[in-house]
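Every chain is numbered from 1 and lettered A, B, ... according to where its sequence line falls, protein lines coming before strand lines.
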Amino acid sequence: MKFNKLSQLFSDLESTTKRLEMIDFLSKFFEDLKEKEDYRDIDKIIYLLQGQLTPNIKQFPKMGLAEKMIIEAISLHSGINSKRIKEILIKQGDIGATAEFILSKKKKQKSLFDYNKVEEISGSSLEILELYSELKKIALTEGIGSHDTKLGILRGLISKCSPLETKYLLRIITSTLRVGVQSQTIIEGLTLAFTGKRDNKGVIERAYSLSPDLGEISRILVEKGLVEVKKVDIEYGTPILSMLASREIYTEFTNRLGVPFVAEYKLDGERLQIHKVGENITLFSRRLLDISFQYPDVCKVIRENVKANKVIFEGEVVAMDHFYEKMLPFQVLSKRRRKFDVEDISKEVPVCLFVFDLLKFGEESFVDKSLSFRRKKLEEIIDEKDELRLVKSVLINSTEELLSFFNTARKEGNEGIMAKSIQENS
DNA sequence: ACTGTCTGCCCC
DNA sequence: ATTCTGC
DNA sequence: GCAGAATGGGCAGACAGT
C-alpha cells in the first residue's frame with residue numbers, strides 16, 4: 001500500500017472528534033484492504049497508526065531524531081533559515097503542520113515553472129514498506145556521524161513525500177501523531193471491518209492485553225480469523241498489559257464492592273512484572289520495557305527465593321533504609337534509573353520487592369483465577385526475606401476496619417490502599 | 001577530555 | 001496523574 | 001457518569017564540537 005492512502009486516513013481521523021466517526025473511517029480503510037486481500041503491510045500499518053515502528057514489547061531503539069534536527073532538515077530542503085522556521089513553528093504549533101505549510105508553498109512556486117514534474121512527484125507516492133524500512137534505518141543508526149546519516153535518510157524521505165505525507169511522516173518521527181486514535185479505537189475499527197460485529201471487540205481486547213502487539217493480533221485476525229485470536233494467551237517473555245486501578249473515595253469502597261473485600265497497601269515505588277524461566281529472570285516496567293539490568297539484586301533474590309521453575313508474577317519495588325525497616329519515597333528509588341554503576345547504586349539504595357499478584361505458574365494461566373487462589377499460590381512459592389516480601393493484604397468487613405487499615409498504611413509511608421473485589425476476576 | 005545541545009524516558 | 005470531550 | 005485521548009516537566013545518556 002502507498003503512504004498517501006494512510007496519510008489520507010490520518011487526515012480524516014484528525015478532522016473529527018467524534019469517536020464513532022473515527023471508527024467508521026478506520027473500518028472503511030480496513031475494508032478496503034479486505035477487498036483487495038492485501039494484507040502484506042497490515043502489521044506495519046497498525047504500528048504506524050499507533051504512531052510507532054514496533055509494538056512496545058519489542059525492545060527497539062527510538063529514532064533519535066526530533067524537533068531540532070527536523071528543523072535543520074526542513075531548512076536544508078526549503079532554503080529557509082531555521083530561525084524563520086522556528087517562527088512558523090510557533091504559529092503552527094506543530095512540526096508536521098509547519099513542514100506541510102512550507103512545502104506546499106514551495107511546490108506551488110515550482111509548479112509555475114515546471115508543472116509536469118510536480119504532477120509526477122505527487123502521483124508517485126511512497127510505498128509504506130519503503131517508508132517503514134527507511135524509518136527503521138534511522139532508528140538503528142548510531143555512533144559517530146549518526147546525526148548526519150539520520151538527517152540524510154530523512155531528507156530522502158521528504159523528497160519523496162507530498163506536503164500532507166510529510167506532515168504525518170514528521171509527526172510519526174517525533175511521536176506526536178495525535179490524530180485522536182489509540183489502541184482501543186483501532187480495535188473497534190478492526191472488529192467492525194473484519195468480524196462485522198462490534199460485540200466481538202472484547203475478544204480482540206483480551207488478546208491484545210495478553211499479548212500487546214496489535215500488529216500481530218491484526219495479522220492473526222485477517223489471516224486466521226477470530227477463532228485464532230481467541231486462543232491468544234499469556235506467554236513467558238511477553239509482558240501483559242497491566243490493569244489500571246481507578247481512584248475512589250475510601251468510604252465508597254464498601255458500597256461499591258460489598259463486604260467483605262480485600263485491601264492492600266498501595267506502595268510508593270515502581271511496578272514490576274517478573275517473568276522467571278528457570279534461572280532466567282526478566283523484569284518489565286509498567287510500560288513493558290525490559291529493565292532487568294536496573295535491578296540485578298532483585299533478580300538475584302527472586303532466583304534464590306521463588307520456588308517455581310516457570311512463573312509470572314507482579315510486584316512493586318520500593319527503596320528501603322539500610323536496615324530494611326522503613327520504606328523510602330519514590331524519589332530515592334529513582335536514583336536507580338541509570339545504565340552505569342548499577343552495582344554501586346544497588347548497594348547505596350537497597351530495595352525490597354513487594355509481591356502482590358500471580359499471573360502464570362508453570363503452564364497454567366492464573367489471570368482468570370480468583371484473588372484468594374492467586375494469593376494462596378503466591379504464599380506457597382515465595383520464601384520471604386528482607387528484600388522479598390508479600391504485600392500486606394487484609395480482609396475488610398466494615399468502613400471502620402477500612403479506616404484503621406488506611407491510617408496504619410499511611411503511617412508506614414504508603415501512598416494509600418488498594419481495594420480488590422473478592423469476586424471472580426478483578 | 002570537557003562542555004553544550006538534543007533526545008528519550010519514566011515518573012506523575 | 002490530571003483534564004477534556006464525546007458517548 | 002464513563003471511557004478514551006492528550007498533556008507537561010525533569011533528569012540521564014548520546015553525540016558533536018572544541
The ring-ring contact (aromatic ring centres under 6.0 Å, His included) partners of F405(A) (sequence neighbours excluded) come to Y265(A)
Rounded to whole Å, CG of L154(A) lies from P of dC6(B) at a distance of 17 Å
Rounded to whole Å, CD1 of I23(A) lies from C1' of dA3(D) at a distance of 11 Å
When rounded to whole Å, the NZ to C1' distance for the pair K18(A) and dT5(C) reads 11 Å
Hits for side-chain contact (heavy atoms from CB on, under 4.5 Å) against E400(A), two or more places apart or cross-chain, chain-then-number order -> S398(A)
L170(A) CG to dT7(B) P, in whole Å, measures 13 Å
Within residues 171-207 of chain A, those residues having any heavy atom closer than 4.0 Å to DNA chain B are none
Sorted by chain and residue number, the side-chain contact (heavy atoms from CB on, under 4.5 Å) partners of K230(A) (sequence neighbours excluded) come out as V203(A)
Residues at least two apart in sequence or cross-chain that pass ring-ring contact (aromatic ring centres under 6.0 Å, His included) with F373(A), listed by chain then number, are F366(A)
ask   = Got a salt bridge between R171(A) and E14(A), using NZ or NE/NH1/NH2 to carboxylate O under 4.0 Å?
value = yes
D268(A) meets the side-chain contact (heavy atoms from CB on, under 4.5 Å) criterion, sequence neighbours left out, with P329(A), F330(A), E415(A)
Whole-Å distance, I71(A) CD1 to dC6(B) P, equals 9 Å
In short, ring pair (Phe, Tyr, Trp, His ring centres under 6.0 Å) pairs touching residues 72-91 of chain A with sequence neighbours left out are none
Here the distance between atom P of dT5(C) and atom CD of E21(A), to the nearest Å, is 18 Å
Sorted by chain and residue number, the ring-ring contact (aromatic ring centres under 6.0 Å, His included) partners of Y168(A) (sequence neighbours excluded) come out as F10(A)
query = Would one find more than 12 heavy atoms of other residues, nucleotides or ligands at under 6.0 Å from atom CD of E142(A)?
reply = no
### Distance, P atom - from dG8(D) to dT5(C), rounded to whole angstrom
15 Å
Once base and sugar-phosphate atoms are separated, protein heavy atoms under 4.0 Å mark nucleotides 10-18 of chain D, 5' to 3', with B, S and - as --SSSSS--
note: L26(A), atom CG; dG4(D), atom P; distance rounded to Å ~ 15 Å
For residues 150-157 of chain A, dump all side-chain donor-acceptor pairs below 3.5 Å to protein atoms at least two apart in sequence or in another chain.
unit_1, atom_1, unit_2, atom_2, d
K150(A), NZ, M63(A), O, 2.7
K150(A), NZ, I138(A), O, 2.8
K150(A), NZ, T141(A), O, 3.0

For residues 47-76 of chain A, the side-chain hydrogen bond (donor to acceptor under 3.5 Å, both in side chains) pairs (sequence neighbours left out) are Y47(A)-D213(A)
Separation of dC9(B) atom P from I291(A) atom CD1, nearest Å, is 13 Å
**Prompt:** Any side-chain N or O of R286(A) under 4.0 Å from OP1/OP2 of dC12(B)?
**Reply:** no
Residues in residues 53-69 of chain A with a heavy atom under 4.0 Å of DNA chain B, by number, are K62(A), M63(A), G64(A), L65(A), A66(A), E67(A), K68(A), M69(A)
